[in-house]
Structures are given as structure tokens and as C-alpha cells.
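Working notes, beginning with the structure itself.
Bear in mind the structure is a predicted one, so any value in this text is a computation, not a measurement.
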Amino acid sequence: MDDTPVIIFNGSGTSDIVLVCEHASQHIPARYGGLGLTEDAANSHAAWDPGAYGVARELSAILDAPLVASAVSRLVYDCNRPPESDTAIREVSEIYDIPGNRDLTKEQRAERIDTVYRPFEKAVSEMLDQRASGVLVTVHSFTPVFHGQPRQVQLGILNDEDTALADKMLDLAHDHTSLKVARNEPYGPEDGVTHTLKHHALPRKWLNVMLEYRNDMIATPLQQHLVATDTGALIIDALKALALTKNKEAGQCPV
């Protein structure tokens with residue numbers, strides 16, 4: 001597994017939607033010596049997004065959409081951050097110290113960029129380049145309590161400067177889910193969490209959205225399946241509504 005920084009699931013999926021899960025795994029390659037983490041830290045949300053990969057796989061099956069996922073813990077390198085970001089390799093994450101990330105040399109940082117981030121970035125780019133146009137959806141999870149404060153939102157629908165898909169999903173969310181939904185919660189673009197959208201979708205002018213599920217809502221395979229079923233229907237209906245709007249604006253009748 002040490003030599004497999006990227007997972008491609010359903011790579012031959014026929015959908016125009018491409019799914020990405022940047023924090024799918026808590027795996028730390030042996031060459032990093034466990035980063036000196038305590039057992040609690042290594043198993044915590046700081047190391048990965050619990051449930052997110054399960055939801056992403058369910059969405060992939062429902063939508064017949066290819067999925068690109070990182071197979072390395074974000075504590076080694078956060079694939080949703082650019083190399084120049086101070087948060088790409090953290091010395092402290094939430095309440096956890098990351099001893100193995102302290103005082104890294106330029107060469108050590110470059111090694112992680114080259115062996116973890118660049119293969120992931122390339123895999124996403126190659127998957128998107130197989131399509132003339134499409135939709136990018138990234139899948140994440142977050143903790144119910146952060147620094148002692150409970151979070152009420154259960155599904156965050158996040159966008160960067162292109163809000164079209166997020167707007168329509170928020171308009172239709174009440175028809176598809178009983179989860180408490182909010183825009184750009186519990187994080188937003190100002191927190192640096194939309195790197196994948198900005199780096200891959202915006203330059204290609206692809207519709208895009210980032211999904212953040214509260215992880216107690218997706219803790220079991222059954223929850224992941226049910227949530228993905230609802231979300232898949234929401235995405236499809238939002239895309240249909242956007243296409244209808246586009247046709248009307250162009251003076252065309254939908255087929």
C-alpha cells in the first residue's frame with residue numbers, strides 16, 4: 001500500500017460527474033514512521049474524513065461516476081491544499097501534535113509533494129481530461145463537536161466563486177434530505193478548503209460543489225448508502241434544473 005498514493009474506483013464510469021475524496025484514508029506509509037502520532041491521533045478525524053470514502057463509493061455506484069481518492073492520510077500531506085500552503089503539512093491538527101511534521105527540510109517537504117500530492121493531482125487531471133465537459137463533486141466529513149462546540153449543520157454544501165450547482169442543490173435540498181443543510185458550513189472558501197474546486201474545476205469551467213457530511217450521519221455502511229442515495233438524487237435533479245434553465249435562456253425547448 002505504501003506505493004499506492006491514489007485509489008481509482010469505477011474508473012470506467014460513464015457519467016459526466018467525477019467524484020473526488022481527498023481525505024479517504026488514514027494510512028501513513030511506513031517510511032514516515034507513523035509521524036510519531038499517538039494512537040488517538042492516528043485514529044482521529046484529524047488523520048482522515050471518517051465515512052467520506054464510503055459515501056463517495058456509494059455515490060460512484062449510484063451515478064456510475066468515476067472516483068479519485070487519496071490513499072494517504074492528510075497528516076502526511078493534505079491533498080486539498082496546494083504545495084505553497086502552510087496547512088498542507090501541519091505540525092498541529094485540531095488538538096493533536098504531529099511530531100513527524102516538525103522542522104521538515106525543504107527536501108522532506110518536496111518528497112511528500114512529489115510522492116503524495118503530485119500523483120493525486122495528476123490522477124484527478126487525467127480523469128477530468130477524459131471528458132470534454134463535466135461536473136466535479138468532492139466528498140468530505142466533519143466532526144459533530146469542534147473545540148468543544150457542537151455543530152448543528154449535518155450537510156454542508158460548499159462552493160467557491162462558481163455557485164451555480166451549490167445554489168440549485170440548496171434550492172432543492174428540502175425535497176431530498178431530512179439533514180440540516182447549510183451553505184459553506186462548517187467551513188468555507190476563506191478556510192482554504194476549496195483548493196480542488198479552484199485548481200481543477202474552475203479553469204475548465206466545470207460545474208462543481210464540495211459536500212461536507214457530519215460524520216455521525218455517515219458512520220455505518222447503511223447510513224452511507226442512504227445518505228448517498230438522497231444526495232445522488234439531489235445532484236441529478238439540480239443538474240436537470242440547471243440544464244432546463246440554460247435551455248430556456250437560450251430560447252430552446254428541452255427534448
Side-chain angles (χ1 to χ4, degrees), residues 1 4 6-11 13 15 17-28 37-76 78-80 93-96 137-158 169-170 172-183 185-187 193 196 209-238:
M1 191 169 182
T4 309
V6 184
I7 302 166
I8 305 294
F9 181 77
N10 192 19
S15 175
I17 298 167
V18 174
L19 299 164
V20 171
C21 190
E22 298 98 323
H23 307 147
S25 176
Q26 65 191 117
H27 174 66
I28 298 173
L37 298 174
T38 64
E39 184 176 352
D40 283 349
N43 291 321
S44 74
H45 177 81
W48 66 319
D49 280 359
Y53 183 52
V55 172
R57 283 180 59 130
E58 291 285 344
L59 280 170
S60 175
I62 290 165
L63 301 170
D64 193 26
L67 165 62
V68 182
S70 173
V72 179
S73 170
R74 64 174 164 196
L75 294 183
V76 175
D78 187 335
C79 285
N80 195 29
S93 182
E94 298 183 11
I95 63 172
Y96 300 104
V137 178
T138 68
V139 183
H140 296 256
S141 72
F142 62 94
T143 56
V145 178
F146 186 69
H147 290 302
Q149 297 298 314
R151 287 161 155 170
Q152 299 305 314
V153 64
Q154 295 171 319
L155 169 58
I157 296 179
L158 283 61
M169 289 180 67
L170 287 159
L172 299 175
H174 65 280
D175 294 331
H176 292 279
T177 181
S178 60
L179 297 179
K180 184 172 182 180
V181 181
R183 184 196 297 272
E185 293 288 345
Y187 308 107
V193 300
T196 298
V209 72
M210 177 176 174
L211 304 177
E212 280 272 9
Y213 298 94
R214 206 174 72 191
N215 64 30
D216 58 326
M217 299 290 100
I218 56 171
T220 69
L222 178 58
Q223 286 177 306
Q224 292 162 15
H225 173 74
L226 294 174
V227 163
T229 299
D230 290 344
T231 304
L234 173 56
I235 292 170
I236 292 300
D237 279 3

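- Separating the CG atom in L63 from the CD1 atom in I17 is a distance of 4.5 Å, to the nearest 0.5 Å.
- Exactly one of L75, D49, V139 qualifies for a side chain to side chain contact (heavy atoms under 4.5 Å, CB included) with H23. That residue is D49.
- Shortest non-hydrogen contact noted between I218 and V55 is CG2-CG2, 3.6 Å.
- R214 is linked by a salt bridge (charged side-chain N to carboxylate O under 4.0 Å, His left out) to D216, counting only residues two or more places apart in sequence or in another chain.
- Counting only distance, with no hydrogens or angles, the side chain of T138 and the backbone of V20 share no donor-acceptor pair below 3.5 Å.
- Side-chain contact, S15 with D64: no donor N or O sits under 3.5 Å from an acceptor N or O.
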* Asked: Would R151 and T143 count as a side-chain contact (heavy atoms from CB on, under 4.5 Å) if you check the C-alpha gap in whole Å, the side-chain angles of each, and the deciding distance to 0.1 Å?
  -> CA-CA 8 Å; R151 287 161 155 170; T143 56; 3.1 Å; yes

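- For the atom pair CG of N80 and CE of M210, the computed distance is 5.5 Å after rounding to the nearest 0.5 Å.
- In this structure a side-chain-to-backbone donor-acceptor pair under 3.5 Å is missing from R74 to C79.
- To the nearest 0.5 Å, atom OG1 of residue T220 and atom CG of residue L226 are 8.0 Å apart.
- The minimum heavy-atom distance between G13 and P66, with the atom names listed, is O-CD, 3.9 Å.
- Taking all atoms of both residues into account, the shortest heavy-atom contact from S25 to A71 is OG-O, 3.3 Å.
- Using a distance-only test at 3.5 Å, with no hydrogens or angles considered, no donor-acceptor pair links the side chain of T231 to the main chain of A228.
- E212 approaches F142 most closely through the heavy-atom pair O-CE2, 3.3 Å.
- Here the CD1-CG distance, from I235 to L211, works out to 5.5 Å after rounding to the nearest 0.5 Å.
- With hydrogens and angles ignored, the 3.5 Å screen pairs no side-chain donor or acceptor of S73 with any backbone N or O of I28.
- No donor-acceptor pair under 3.5 Å is formed between the side chain of S93 and the backbone N or O of Y96.
- In terms of heavy-atom proximity, E22 sits nearest to S70 at O-CB, 3.2 Å.
- Separation of atoms CD (Q152) and CD (E185) is listed at 11.5 Å; rounding is to 0.5 Å.
- Once rounded to the nearest 0.5 Å, the distance linking CG of N10 with CG of L59 reads 11.5 Å.
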* Would you sort out whether C21 and R57 count as a side-chain contact (heavy atoms from CB on, under 4.5 Å), showing the intermediate values? => CA-CA 9 Å; C21 190; R57 283 180 59 130; over 6 Å; no

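- Put simply, the side chain of S60 gets close to the backbone of A65: a donor and an acceptor are under 3.5 Å apart.
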* To do: Determine, stepwise, if the pair Q154 / T177 fulfils side-chain contact (heavy atoms from CB on, under 4.5 Å).
  => CA-CA 10 Å; Q154 295 171 319; T177 181; over 6 Å; no

* Asked: Could you go step by step and tell me if F9 and L19 meet the side-chain contact (heavy atoms from CB on, under 4.5 Å) rule?
  -> CA-CA 10 Å; F9 181 77; L19 299 164; over 6 Å; no

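- Shown here for S44 and W48, the closest heavy-atom pair between the two residues is O-CD1, 3.3 Å.
- Side-chain contact between L158 and V193 is present, with at least one heavy-atom pair separated by less than 4.5 Å.
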